[in-house]
Structures are given as structure tokens and as C-alpha cells.
Amino acid sequence: MAAPAYAPKAGGIAARARQGAMAAHTPPSWLDGLNPEQCLAVETTEGPLLVLAGAGTGKTRVLTTRIAHILASGLAMPSQILAVTFTNKAAREMKERIGHLVGPAAEGMPWLGTFHAISTKLLRRHAELVGLKPTFTILDTDDQIRLMKQVLQAEGVDEKRWPARQLANLIDGWKNRALSPAQVPAGEGAAFANGRGGKLYAMYQERLKTLNAADFGDLLLETIRLFREQPDVLAMYQQRFRYMLVDEYQDTNVAQYLWLRLLAQGRDPAHRNLCCVGDDDQSIYGWRGAEVDNILRFEHDFPGAQVVRLERNYRSTGHILTAASELIARNEGRLGKRLRTEDEDGEKVAITGAWDSEEEARLVGEEIEALQAKGHSLGDMAILVRISAQMREMEDRLVQLGVPYRVIGGPRFYERMEIRDAMAYLRCVVSPADDLAFERIVNTPKRGLGDATLQVLHAHARAARIPLMEAARYLVETEELKPKPRKTIRDLLADFGRWSAAAARMRQGELAELVLEESGYTEMWRRDRSAEASGRLDNLKELVRSLEEFPDLQSFLEHVSLVMEAADDDTGERVSLMTLHAAKGLEFDTVFLPGWEEGLFPNQRALDESGRAGLEEERRLAHVGITRARKRARIYFASNRRIHGLWNATIPSRFIDELPESAVEVLDAPASYSYGGYGQNNGYDQSRFDRAAGGYAGAAETAPSSYATPGWQRAQARGFGQGGFGRDGHGAGGSQFAAGRGGARGRSKGGPVIEGELVARSTGASAFSVGDRIFHQKFGPGSVALVDGNKLTVDFDKAGRKTVLDSFVEAT
DNA sequence: TAAGGCGTCGGGCTT
DNA sequence: CGACGCCTTA
């Protein structure tokens, strides 16, 4: 599945290493080309070891070489090494690269995989010990929600006030922290559905057990429970795993930490060889349960631990590294590293201010075209945004320019509707008791089985404590159902009977085709004339194809629920467009970083919810963004951005101010003043812009020592009691971009506060009334048509009717 | 059962 | 503003 062009890491040491592995007594040639720290990380095999691997320092290479080293030196057999990754992609890559290093010996690394995949393997072996059958099904988020809905309904909880989705998040959060229903802090449980959160969690768990199912969180939790309650089982694995390796340790959550600690703290000190590789400066998943603390506490948790720092960067040029290093140095909760390179300084990090987000997109597009004209490949460029809402504008622009691009990180293959439907059919064939699967497809394609019919099925199934399919089988023999649905169900059951019989004698690919065809599922999409339909049919074909690569249907279903990803079908050179989160681990020659504005980045919500910690995580995200660049990093900010449909004035991100002057250059935005035909010769407009965007550069000129004047401090100087830019327009709390609040908490480094009005300020209650003539910075002159608090609906002379905040218009 | 209206809400997204 | 989910109506 193809490492795309941006993952060029595998070195040329493969062949040599293979020789080394074969000829046991030659010097370990796989160490060739490693720097001293990397060697140390590879060769320190005994005892706990933390490898702090900065961005671009050869982390994966160290990890794979370390495994090769352990194998080739005969310290352990492949089956005695536990190697855990966070994502399937990482697991796959590691497997591949170890394969290159040591040859087929890597085939026998049965314990290389994600936390979840390894947990599943363990649980299948010992399922009875935790109250499951070895054939338990793994529920994904979709199944989870539907099950949760059932629980909420059973409890009579108002699903509008307390959405299943929210409960799912809550429970996920608890599971991330390894909390069983009984362990949920009372206050947290009480916060949902008038105090019933904890109870609902318990009920949900019960339902899972009844269904012989586990969700993702359970895979870890039940394994932990297995280890805790069955000391002999635990001891067996502690004994088996002589060497343990963990990738991306900074991303582990509490449950994963406990899981590891149980395995790594066996009786036999010779087996406490846990090697964790990670980078505290790249911990960006706190919001989904990752605990930076795990890595910060490593030496404390594992006494006698050694720490190796990889600080030599092989990716980026000097200025880029300087900029990233200075930025991240502002964080306090970190172990401390400084990336260095022997490469040249290269280009400075370029910062460009744009009038608004449209112009920003245009500037990025122009730069891409300019680079392309100079012979740079589109495949070596990426646009990294903070939130996916930013993508739209970028896409629009690229489409307009005819620049091919691809979006990284859409919905995954197995999350797509058609794949999930097809799989539900197969699940029903394999395990007729799979109620969630049955429910999903009972009326897909539409066969006239509505709510009413399903209710009857449910009622009977619950009363008799049997699966839905069995209940259906019984009910078609009675008079309880109306004749029409009764026949439909009877036919469907007959279908499933036939398919189950066919399953025994057919290859699974054929079976899938048969089922999808006879059920009318493929026909449904063939008839569908919407734009996506043909893509969906392709996906189904792809599903059937990959199905053939598995020994049997069962192992395929397992694979899909844990692993499957979209086939990498793109060819040709394209600009990559993705979020900063999705960019971790990737690298590009040129990286475009738009949207560096207070409120957007650092994101106000992160600040509001997590204060200082939130700010530091945002800063790590900025650090990740810059360090993706090999040769060119270009940062952009806009002075106006539309948020939830309304134009807001914005100020440059504090992160821009935190970059060292020596490593950046501030570029002018040539087109800034000619936007939309207004302002070319309009002193008003121009001075506004000067002070908003250009003021930054101006400060640098007149007072170099105060270069680091943070935009957010200016925001503070502005005060934040007034207006605000929130949806409600009342300035009450929650306003997206009221920059002062998180900022006040993050104020650790003082600095000169430059007074100066940056943007229009609200004047309290709206000073405008219907009919007033006004001037807007972006849309030009117009008359007020409607006043709603500080929201104005204005008929602009040229731009038509728009809704804007009164703080952005001036009376004329 | 299927389409359209209405209200809500707006962060990142793996397993 | 625009996406999504739920509810109403044909």
C-alpha cells in the first residue's frame, strides 16, 4: 500500500544489513551510517530506555535497526519481541522495513502491531477469562453509537438533550483513562443525563457482553483486566516478551500506559527491557486522551531508565530548524531538546500577511505555481491547515488554478457507508447473532421493512432473549406481522440461509459478490444516479478484491475492523492538503502554513478548555508544522476571516511573534490593497491594513528589540470586554476570537505591549440604524437594511446583501 | 417510505 | 454561511 512520495526514509542499508544478519560473525554492519546517539539507542538493549527522537532525527530507522540488532545478535527470537505502534500505518511500515533489514525472519514477528491489534490477539486467546467468547465482534464508532442509542432509549433518556454521540465520547474518555463504570468519578458521571452517566456506562457494558462484543476501548481495558486478574497469564507474557518497543510513546493514553507497565514490570529483571521512542514536542493528541505526562514521567516510572536524545536532524535546513526550536523552547512542560543540522541555513521562514482568507488562498496558489514554474514538483508541496474548515477555501483556489491536489485524511475506507453495509451482510452470514449488523441491513436496500416491523422483532427478541434473526425466524411463522413484511422477512431469511450454505463451499470473494448481488445491494447503487454512486461501486469491487487476500472470511472481518484503509489509488503529482494533525510523520520540500491567527491558531477552544496545557499543545502543533518542511516553510495570516459565516477581524498568531527574527523574513503581500476593487487609492482602507497586518513588520523596523511583540499582547491591550466576535454578538463568554482569555492564562513571558489599534473596535450597542450609509473594509459602501444587536444586514452597492458585524463598518 | 424544512452548531480524528 | 441530523409532510 505504497509509501507515497513523501515517505522516502528507507535507507540503502537494507542489503548490507541482510548480509550482516546472515554472516553472524562479521561486525554488525546495520550500524553503519548511524550517528553515535542512534547507535546508543540501538545497542542499549537491556533495561528501560527512553529515546527522545526529535522531528526528522531518524526515529523509525533507530526503531527498526534496534529490532534487527536484537534479532541478529541472537538476543531474542522474533516471537519474543513485542513492538507496539499507535496506528496501523506505522505498524505496516515498521514490518516492511524490518523485512528489508533482516529478510524473511521478520515474517515471524507475531507481536508487532497496534495496541489494539495485539490486545485483540491476546483476548481471542483468553476470551473466556474476561467473559467473552473467542469469536467476539469488535464494534466501531458507528456500532457504538447505535448501541448507545438503544441504551438511552431503554432508560428513557431524552436523546435530544443528551445525544448518544456525547455519551460515546464520555465513555471513550473514561476508557482512555482506564476507568470502569464503578471507577468513574461521581461528578463526571453526574454530568450526563441528570446524574445517570455512570449507570448508562454500566448498562452499555452489559449490553456489550450480551452481544459478545467489545469496542475499541474495551480491547485495551479487558486486556488490562485479564492481566490483573490472571497473574499466571500475565507472568507468561512477561516471560515471553524479552524486549518491548513502543513507538510514539507521547501519544499513549492512561490505559495504554497501564497495559505496558503490567508487561514491563515482570518478576524477572532481565525481561524489563522496555524501549519507548517518542517526542514530547510532538504530542498533539491530548484531546483524544494522550497523556504527555507518560513520556515526561518515564524516568520516574521506570527506575534506572536511560535516556537517549536524538537531536541531529536530517530533514530540514538551518533556518527552519532554528525557527522551530525557538518556538518550542517557549513550552515549559517538556524534557528539552534542541534540533541541530549540519545542513546549510537555507531559506528563511517566510511570513506573509493577507487581507483576508481569500487573498491568503490566492497567495498560496500563486506561490505554488511560481515554484512549479521553477521546476519544483507538486508532490513535494503541502498545505497544512489547523482546522478542516480552512481546506475549502484552499481547494476552491486550487481548483480554479487547475492545480492538482489531494486531501489526506478523509473518511477511511472501512468507514464508508457502502463498505460498512457490505460488511454487515457478511457479518450476518458469518454470525447470525450479530444484531447490530442485522439491523443495519435489514432494510438496506429498501425492502419496505420500517420501524414498525423492527419494533416487533425487537420486542420478541428481547422477551425471548434471542438474537433478532432468530426472532424473525420465529415471527414469520406467526400472525404477529402483517403479510407483506412477513413475506419480505421470510425471503430475507431464506437468502441468508442460502448464503450461509454457500459460504462453506465458496471462496469468500465469490460469496461476497453473490451476497451483494442477490441482496440487491449492488443494484441499489447501480440505480443511484448521484455523483458518488460509481465511486461506491468501485469501493465494493475493491472490497471483494481485498477479500481474496485473506485465508477466510473471519480473518478478513477482523482485519477490516482493526486495520483497513483506503487503497492508495492516486497517481501523478499533486499538492497535498491536510490538517496539521494529519501531517505528523510526513515531510515535504515546501510547506505552506496558512491561518496563523489568534483564535484559529492557537485555537481559542484549546485555550479555553485546557488553558496553559492547551496553549502548549497548540505550540507543539506549530512546531510539528514547521518541522515538516525540508527546504521551505511559508507562514500566512489573514486580517479578516469568515467564522461561522461572519467576517471577523483577526490578528497574527502569537506564534508568529515567537519565531526568531534571524530565521524569518516578512514578505509583503503585493495584492493586499487592491482587493475587490476597493481601497486601491483609499487611504482609509490602506491604513487599516497597515496597522492590522503590516503593523507587525513596522514594529520590527522601528524597534528591533521589541520584535517579539506578541500579537496576542496587542490583543490584550485592546481589552476584551467589549463586543466580541461571537455568534451571539453579545460579547458574553464563548466568543471565538476574544483573544484575551486564554492569553491571560498563558502570559508567562512578559514583553512590551505596543499600543495601537489594530482593527475596528466595537462600540458597544450598535450605533447604526436602518438606512444608514456605511463603509465596510471588504465590501465597500452600502446601506443598512437590518440591525440585529451588533449584527448588521447591509445592502452593499457592489457586493450585494451581506450580514456583517457593526464593528467592521464605519458610518459615512 | 422519501424528500424537503427547520434547527443547531461550528476542533483535531486513530483504534 | 453551510453541513448535518431530525422531524414533518406528501
Side-chain angles (χ1 to χ4, degrees), chain A residues 84-91 113-120 138-141 144-145 149 159-161 163-165 169 172 175-176 214-221 248 251-253 255-256 283-290 384-393 408-412 414-415 443-453 484-485 559-565 578-585 595 599-610 614 617-618 620-621 624-625 641-648 726-728 734-737 791 801-804:
Chain A
V84 201
T85 64
F86 205 71
T87 66
N88 293 301
K89 188 170 161 235
T114 63
F115 279 101
H116 293 84
I118 292 170
S119 295
T120 305
I138 299 164
L139 303 191
D140 60 24
T141 320
Q144 247 188 83
I145 303 267
K149 274 190 181 151
E159 283 181 73
K160 280 200 122 159
R161 259 201 86 193
R165 172 86 234 165
N169 285 334
D172 263 358
K175 289 186 174 177
N176 283 339
D215 65 20
F216 285 123
D218 284 344
L219 296 176
L220 292 165
L221 285 200
E248 306 281 15
D251 286 340
T252 52
N253 60 32
Q256 288 155 341
S283 166
I284 55 175
Y285 285 112
W287 53 273
R288 63 179 192 209
L384 312 182
V385 297
R386 174 62 183 83
I387 64 172
S388 33
Q390 288 173 264
M391 288 200 204
R392 184 64 167 274
E393 241 164 340
I408 310 268
R412 257 145 299 288
Y414 67 88
E415 283 168 3
N443 197 33
T444 311
K446 306 272 180 257
R447 5 178 113 84
L449 297 174
D451 243 14
T453 313
K484 212 164 138 197
H559 174 79
V560 171
S561 61
L562 281 174
V563 172
M564 195 143 160
E565 282 164 35
M578 70 193 92
T579 63
L580 285 160
H581 283 91
K584 197 173 81 154
L600 178 59
F601 190 38
N603 190 270
Q604 191 60 45
R605 267 181 78 165
L607 265 35
D608 287 344
E609 280 165 28
S610 316
E617 183 155 314
E618 293 288 303
R620 291 193 289 267
L621 202 47
V624 166
R641 187 174 296 274
R642 206 157 55 179
I643 295 138
H644 305 336
L646 291 177
W647 284 97
N648 286 136
R727 172 215 327 262
D728 53 16
S735 94
Q736 276 272 359
F737 280 13
K791 266 191 297 192
R801 177 169 284 208
K802 308 265 179 195
T803 304
V804 297

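Just so we're on the same page: letters track the sequence lines, and every chain starts at 1.
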- Message: Using a heavy-atom cut-off of 4.0 Å across all strands, would you classify A/Gly448 as base, sugar-phosphate, or nothing?
- Response: sugar-phosphate
- Donor-acceptor pair under 3.5 Å, A/Arg288 side chain vs B/dG12 base: no
- Task: Would you please confirm or rule out a distance under 4.0 Å between OP1 or OP2 of C/dA3 and any side-chain N or O of A/Arg392?
- Result: yes
- Note on the structure: Correct closest heavy-atom pair for A/Asn176 and A/Gly289 would be ND2-CA, 3.9 Å
- Which is true for A/Leu449 with a 4.0 Å heavy-atom rule: it touches a base, it touches only sugar-phosphate, or it touches nothing? sugar-phosphate
- Query: Would you say a side-chain N or O of A/Ser388 is under 4.0 Å from OP1 or OP2 of B/dG12?
  - Reply: yes
- Query: Less than 3.5 Å between a donor and an acceptor, one on the side chain of A/Trp287 and one on the base of B/dG11, is that the case here?
  - Reply: no
- Item | Touch class at under 4.0 angstrom, heavy-atom based, for A/Glu618 against every strand present | base
- DNA chain B nearest-nucleotide lookup for A/Lys446 and A/Glu617: closer to the 5′ end is A/Lys446
- OP1 or OP2 of B/dC13 sitting under 4.0 Å from any side-chain N/O of A/Thr579? yes
- Item | Interatomic distance at P, C/dC4 relative to B/dC13, whole Å | 15 Å
- Task: Indicate whether OP1 or OP2 belonging to B/dT15 is found under 4.0 Å from a side-chain N or O atom of A/Asn88.
- Result: yes
- Query: Is A/Asn443 near enough to B/dT1 that one of its side-chain N or O atoms lies under 4.0 angstrom from OP1 or OP2?
  - Reply: yes
